[in-house]
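First comes the structure, then the notes that go with it.
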Amino acid sequence: MVAVGFVTYGLGIAPAYYGLGIFASSLIADLELTRQQIGEMFGAFTFTYGLVSPVAAAVIRRWGIRATVTAGALCAASGFWLVSEASSATELYLGYSLVGGIGIGFSTLLPAQSMPVFWFRRYRARATAIILTGAAVVGFLWQPAAGLVLESWDWRVGWRIVAGLSLLVAAIAVLFIRNKPSDIGQRRDGLPPAEADDPTPVGPGRRAESRQAESSAEAAGESAPKGALMWALRTPQFWIATFATAANTVPWRVVSAHGGIHLEDLGFTTLAASAILGVRVGASLFGRLTGSLGDFMSPMRLLALALLVNAVALSVFVSANSAVVAYPCVFAIGVAYGTAYTSEVVVFGLFFGRAAFVGSTGVRLFLIGVIGAIGPVLAGAAADRTGSYAGTLWTLAALAVLGAASIWFCRPPDRSVLTGESKAER
């Protein structure tokens, strides 16, 4: 299941997510678009897949992960084929931002994050890290490959390839995805009943109080599943963790949409910019695996440290006008983003348990979709007016610092808020 999640998540999201930034210059030239329109398309794309995440959560609860991924991948394939045939900005918005965004919302983010929570408890951070590296591996390979597609053919061929990969994801989902361990006579982590039901993590770095807190959070999510989502939304931890997620996600989306153009503004060729940004995505692979440290230390502290590294790297990226500076800078951005990305999922699993995870994560992805849609649009508009992305990048660095400060001191919520259990009884 970890391998299947790795493949479906990577092939499902990476080519579409990173493709627009690579094809941006060609789209601007061929269809007479502005940079702001590119930002609007990418922002609307991320907004759409965030918008449908609560619906995807309901579909997962009703029909399971396999059906959700299959239907979403088929929808995404149709959208990206429309992009390959587009002759106007309106058709790009329809194919990429709307139809493609809906498909991605159903087939990738929430299913990929739900799978390790459904299948693992003790090794959740490690399973999450491996699954989420799928996008980093495919993104690392796709960005330079997309640059070669542009040199040999054009952006239309590139989007046909993206559509074909989405069809492949649908086929893999039908053949190999299983919704939960009990579907094949298994238990979480493959352990005997007593161990599988024990919520205590085994990582040597956990303190006793951290183990008790995780046990409480898991129990809170599973003891009253009908009220678990509303309980999660009423906790301050939900909003703090969501803010930290935004502090990590918004900069990544801005750099994904505009990073290539920013590097070209600094003097790099389109092919060189593609290669540099490919390193960023490849580095996120290492970062996502680093997120597995959440099995051994506080995932909140790990998330905070990653955000601080990201803030420093974004500050340097403002004027990374040579390869000697640009490559280490984007490598740091990738590692920091990947570590934080894995940690976000682990934190939500720790805070809200298996029963509340899908619903609370669906709402989180919706909110991030709304917030994340604004960043690329504002970045493009600012660049059109000033000719520079410097102000945007400095603002994003400050956002990352605030996110780190907020999550550093956050602890799992108290289950007594949900269960009414007193401290003495606990």
Side-chain angles (χ1 to χ4, degrees), residues 13-14 17-18 42-43 46-47 49-50 53 108-110 112-113 125 128-129 132-133 135-136 139 237-259 280-281 283-294 298-317 329-351 360-361 363-376 379 392-410:
I13 194 169
Y17 188 94
Y18 298 113
F42 188 78
T46 59
F47 173 78
Y49 70 60
S53 290
T108 59
L109 290 172
L110 189 56
Q113 296 181 25
T128 301
L132 296 186
T133 57
Q237 285 88 346
F238 172 85
W239 299 102
I240 292 172
T242 299
F243 176 70
T245 299
N248 184 50
T249 304
V250 174
W252 186 261
R253 291 183 180 178
V254 169
V255 174
S256 296
H258 297 283
R280 174 188 70 118
V281 179
S284 76
L285 185 157
F286 176 75
R288 293 171 202 227
L289 292 175
T290 303
S292 64
L293 292 175
S298 166
M300 291 78 76
R301 298 286 175 86
L302 186 60
L303 174 54
L305 291 173
L307 288 172
L308 290 175
V309 172
N310 202 19
V312 174
L314 287 167
S315 301
V316 177
F317 190 59
C329 177
V330 297
F331 182 85
I333 290 175
V335 171
Y337 171 79
T339 302
Y341 188 43
T342 298
S343 299
E344 295 160 8
V345 181
V346 179
V347 166
F348 262 74
L350 168 62
F351 281 4
S360 63
T361 299
V363 175
R364 171 173 64 94
L365 292 175
F366 165 74
L367 294 173
I368 296 303
V370 174
I371 298 169
I374 299 173
T392 298
L393 292 171
W394 283 113
T395 301
L396 294 175
L399 178 67
V401 172
L402 291 175
S406 66
I407 198 65
W408 180 271
F409 299 102
C410 195

Task: Trace of the side-chain contact (heavy atoms from CB on, under 4.5 Å) decision for Leu399 with Thr395 - done: CA-CA 6 Å; Leu399 178 67; Thr395 301; 5.8 Å; no
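When the ring pair (Phe, Tyr, Trp, His ring centres under 6.0 Å) test is applied to Tyr337, the partners found at least two apart in sequence or on another chain are Trp252, Tyr341. For Phe317, the ring pair (Phe, Tyr, Trp, His ring centres under 6.0 Å) partners two or more places apart in sequence, or in a different chain, are His262. Phe238 pairs by the ring pair (Phe, Tyr, Trp, His ring centres under 6.0 Å) definition with Phe348, not counting sequence neighbours. Scanning for side-chain contact (heavy atoms from CB on, under 4.5 Å) contacts around Thr339 gives Thr290, Leu302, Ala306, Val335, Ser343, with sequence neighbours left out. Contacts of Val370 classified as side-chain contact (heavy atoms from CB on, under 4.5 Å), with partners at least two apart in sequence or in another chain: Phe47, Phe366.
Looking at Leu303, Asn248, Thr245 one by one, the single match for side chain to side chain contact (heavy atoms under 4.5 Å, CB included) with Ile407 turns out to be Leu303.
When side chains are defined from C-beta on, Val312 does not count as touching Leu308, because their heavy atoms never get closer than 4.5 Å. Residues Leu365 and Thr361 are in side-chain contact: their nearest non-hydrogen atoms beyond the backbone lie under 4.5 Å apart. For the pair Thr392 and His258, the minimum side-chain heavy-atom distance is 4.5 Å or more. Side chains of Val401 and Leu307 form no contact here, defined as non-hydrogen atoms less than 4.5 Å apart. For the pair Met300 and Leu350, the minimum side-chain heavy-atom distance is below 4.5 Å.
To the nearest 0.5 Å, atoms OG (Ser315) and CG (Asn310) are separated by 9.5 Å. With rounding to the nearest 0.5 Å, the separation of CD1 in Ile368 from CG in Leu109 is 11.0 Å. For the atom pair SG of Cys410 and CZ of Phe351, the computed distance is 4.0 Å after rounding to the nearest 0.5 Å. A distance of 7.5 Å separates OG1 of Thr108 from OH of Tyr49, quoted to the nearest 0.5 Å. Taking CZ of Phe243 as the start and CD1 of Ile371 as the end, the distance is 9.0 Å to the nearest 0.5 Å.
The main-chain N or O of Arg288 is found under 3.5 Å from a side-chain atom of Thr342 such that the two form a donor-acceptor pair.
Screening residues 243-259 for salt bridge (Lys or Arg N to Asp or Glu O under 4.0 Å) gives no qualifying pairs among residues at least two apart or on separate chains.
Contact detail for Ala400 and Ala311: the closest heavy-atom pair is CB-CB, 3.9 Å. Across all their heavy atoms, Gly139 and Ala14 have their closest contact at N-CB, 3.6 Å. Summarising the geometry of Gly294 relative to Ala125, their closest heavy-atom pair is C-CB, 3.9 Å, with the distance given to 0.1 Å. Heavy atoms only, all atoms of each residue included: Ala313 and Ala332 are closest at CB-CB, 3.9 Å. Shown here for Leu132 and Ala112, the closest heavy-atom pair between the two residues is CD2-CB, 4.4 Å. For Gly375 against Val254, the heavy-atom pair with the smallest separation is C-CG2, 3.6 Å.
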